[in-house]
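Working notes, structure below.
Note that ligands are numbered from 1 as they come in the structure, with each ligand's atoms numbered from 1 the same way.
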Amino acid sequence: MSNLPYQSLEELRCEVLNCQRCELAKTRTNVVFGVGNPQAEVLFVGEGPGENEDLQGEPFVGRGGQLLDKMLAVIDLSREKNIYIANMVKCRPPKNRDPLPAEQDCCIDYLRNQVALIRPKIIVCLGRISACRIIDPNFKVTKQHGEWFSRNGVFMMGTFHPAALLRSPVNKPAAFDDFLKLRDKIHEICTHTYF
Ligand code: URA
């Protein structure tokens, strides 16, 4: 598969909804393609659907998702308005285990195609799995969260996964700081996110 075989998100979504590339297809209820504004300048990338996402077909709709929506609202972002949210893998790994490297390999071209169509200026990686795959294989969230990286003209940041914040609320202030850095970067380089 080359990087841009599908010319629109709707075409790509139709393909992904029927995907049988890996074993996760056998146990999923719904494919979780992604949600948000196709013209978004900011793309958030999580790890993979959990139970609620699998049942509803939308990313980050469980408790972690509610926390994410609250943090987004603080900096005037929302999935209904001005961002896009996707995951590394589009189908739920059983018992919410980490997606296997082979499963990520099967799915990564779908994310690449989403990035090529949305053309975000900023990508925010939620948690270790997406930060290691997208920013740097040795990315350490506790040490490098909130740092900006530039890859092919796109600014990238890794921050805490919302589910990790629910487990370790002590990291919430640091995560809020990351979101404030994100707001600053949006003001600096984005043209229609806040307007
Ligand atoms: N965790 C993720 O990484 N993505 C989701 O969509 C839900 C939970």
Side-chain angles (χ1 to χ4, degrees), residues 9 12-13 16-17 19 22-25 27-38 40 42-73 77-115 118 120 122-137 139-142 144-146 156-169 171-172 174-175 178-179 182:
L9 284 175
L12 178 62
R13 181 196 296 274
V16 178
L17 293 191
C19 180
C22 82
E23 293 288 300
L24 299 182
T27 48
R28 73 180 177 226
T29 312
N30 285 295
V31 173
V32 178
F33 178 72
V35 71
N37 184 338
V42 186
L43 170 67
F44 287 78
V45 182
E47 177 178 319
E51 184 180 16
N52 293 298
E53 292 75 20
D54 176 62
L55 291 172
Q56 295 182 44
E58 180 168 333
F60 288 102
V61 290
R63 277 183 67 226
Q66 286 165 19
L67 174 60
L68 177 63
D69 283 340
K70 273 194 208 159
M71 294 173 70
L72 291 170
L77 299 178
S78 79
R79 63 179 81 198
E80 289 83 22
K81 205 173 61 186
N82 52 5
I83 59 163
Y84 200 92
I85 307 178
N87 278 310
M88 287 301 311
V89 297
K90 314 299 192 212
C91 298
R92 182 193 183 198
K95 298 185 185 151
N96 296 352
R97 63 160 170 74
D98 288 351
L100 302 173
E103 292 159 355
Q104 295 182 43
D105 290 346
C106 287
C107 222
I108 190 79
D109 277 339
Y110 295 141
L111 182 64
R112 287 204 181 103
N113 205 147
Q114 286 174 307
V115 170
I118 297 167
I122 298 173
I123 296 179
V124 179
C125 296
L126 296 168
R128 174 180 58 85
I129 297 281
S130 63
C132 284
R133 186 77 194 215
I134 295 172
I135 301 176
D136 177 344
F139 193 91
K140 295 277 177 294
V141 176
T142 44
Q144 293 172 292
H145 69 90
M156 302 189 179
M157 172 205 281
T159 188
F160 299 88
H161 192 284
L165 292 176
L166 291 174
R167 285 192 301 271
S168 307
N171 288 322
K172 280 188 188 176
D178 295 348
F179 274 57
L182 171 61

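When Lys90, Arg133, Arg97 are each tested for a salt bridge (Lys or Arg N to Asp or Glu O under 4.0 Å) with Glu103, only one passes: Arg97.
Considering only heavy atoms from C-beta on, Cys91 stays 4.5 Å or farther from Asp54 through its side chain. Side-chain contact between Phe139 and Ile134 is absent, with no heavy atoms from C-beta onward closer than 4.5 Å. The shortest distance between side-chain heavy atoms of Ile129 and Pro99 falls below 4.5 Å.
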Residue pair Leu72, Phe179: steps toward the side-chain contact (heavy atoms from CB on, under 4.5 Å) verdict: CA-CA 8 Å; Leu72 291 170; Phe179 274 57; 3.8 Å; yes
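Close approach of ligand 1 to Glu47 is summarised as follows: ligand atoms under 4.0 Å from at least one heavy atom of the residue are 2 (C), 3 (O). Close contacts between ligand 1 and His161 involve ligand atoms 1 (N), 2 (C), 3 (O) [criterion: under 4.0 Å to a heavy atom]. Below 4.0 Å from some heavy atom of Gly46 lie the following atoms of ligand 1, by number and element: 3 (O). Residue Pro59 has at least one heavy-atom neighbour below 4.0 Å for each of these atoms of ligand 1: 6 (O).
Here the shortest heavy-atom distance to atom 8 (C) of ligand 1, taken over Gly127, Gly34, Gly48, belongs to Gly48. Looking at Asn87, Asn52, Ile129, it is Asn87 that brings a heavy atom closest to atom 6 (O) of ligand 1.
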